[in-house]
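Atom set for the values below is all heavy atoms of this structure, side chains included, hydrogens, waters and symmetry mates excluded. One-based numbering, in listed order, for ligands and for the atoms of each.
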Amino acid sequence: MKGECLCGNVKFEIEGEIRNLYQCHCSLCRKATGAAANAATFVQAAAFRWVSGESDIRSYKKPSGFRSDFCSVCGSPVPNSLRDSGMVWIPAGLLDEPVASRISVHLHTKSAAPWEQESAECVRLDGGPESLESLNKLL
Ligand SMILES: [Zn+2]
Ligand SMILES: [Zn+2]
């Protein structure tokens, strides 16, 4: 299994199958991703290998210990070795190959953003909008 960041600078490989995924809806993961929730999983450190870009990874740590590692070129969150656990945290959006894994756990749903709830009236497009203007009209 291969994965890379938005700019392709940070590349990694995982050997074997990927487990199911979790999404965390807490306010920290929201800020770290800019999205409603992250989607991630863990792999054994022995199954994980950096292919390129490791020296361009920067790390931000809150006093509480919450840590976000990211590509210094494009800002994508990148895998993060969890010290003392023998595991590596994998942001699922970076994976480039189809996986059988599905989201099986939602964390911190009580802190989810109020706007996360999807209404039945949501417009759903198979692809992107024709233009920024047409998207603006839909909002
Ligand atoms: Zn990058
Ligand atoms: Zn979180």
| query | So, F12 versus F48, ring centres under 6.0 angstrom or not? | reply |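 Centroid distance F12-F48: below 6.0 Å, so yes.
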| message | Can you confirm whether the side chains of S59 and D69 place a donor and an acceptor under 3.5 Å from each other? | response |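 Yes, side-chain donor-acceptor contact under 3.5 Å.
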| said: Strictly under 2.8 Å, is the Zn ion (ligand 2) approached by any N, O or S atom of H25? | reply: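 Coordinating: no.
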| field | Metal site the Zn ion (ligand 2): N/O/S of H108 inside 2.8 Å | value |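 False for H108.
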| Should E130 and K137 count as an ion pair when the cut-off is N to O under 4.0 Å? | no
| How open is the angle at the Zn ion (ligand 1) from atom SG of C71 over to atom SG of C74, rounded to 10 degrees? |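 Once rounded, the angle between the two atoms at the Zn ion (ligand 1) is 110°.
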| remark: For SG in C7 and SG in C5, the angle at the Zn ion (ligand 1) (nearest 10°) is 100°
| said: Contact between F70 and D56 at the side-chain level, heavy atoms closer than 4.5 Å - yes or no? | reply: no
| field | Within-4.5 Å side-chain heavy-atom neighbours: P79 and L94 | value |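 Counting from C-beta outward, P79 and L94 do come under 4.5 Å.
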| note | SG (C24) to the Zn ion (ligand 2) to SG (C29), nearest 10°, is 120°
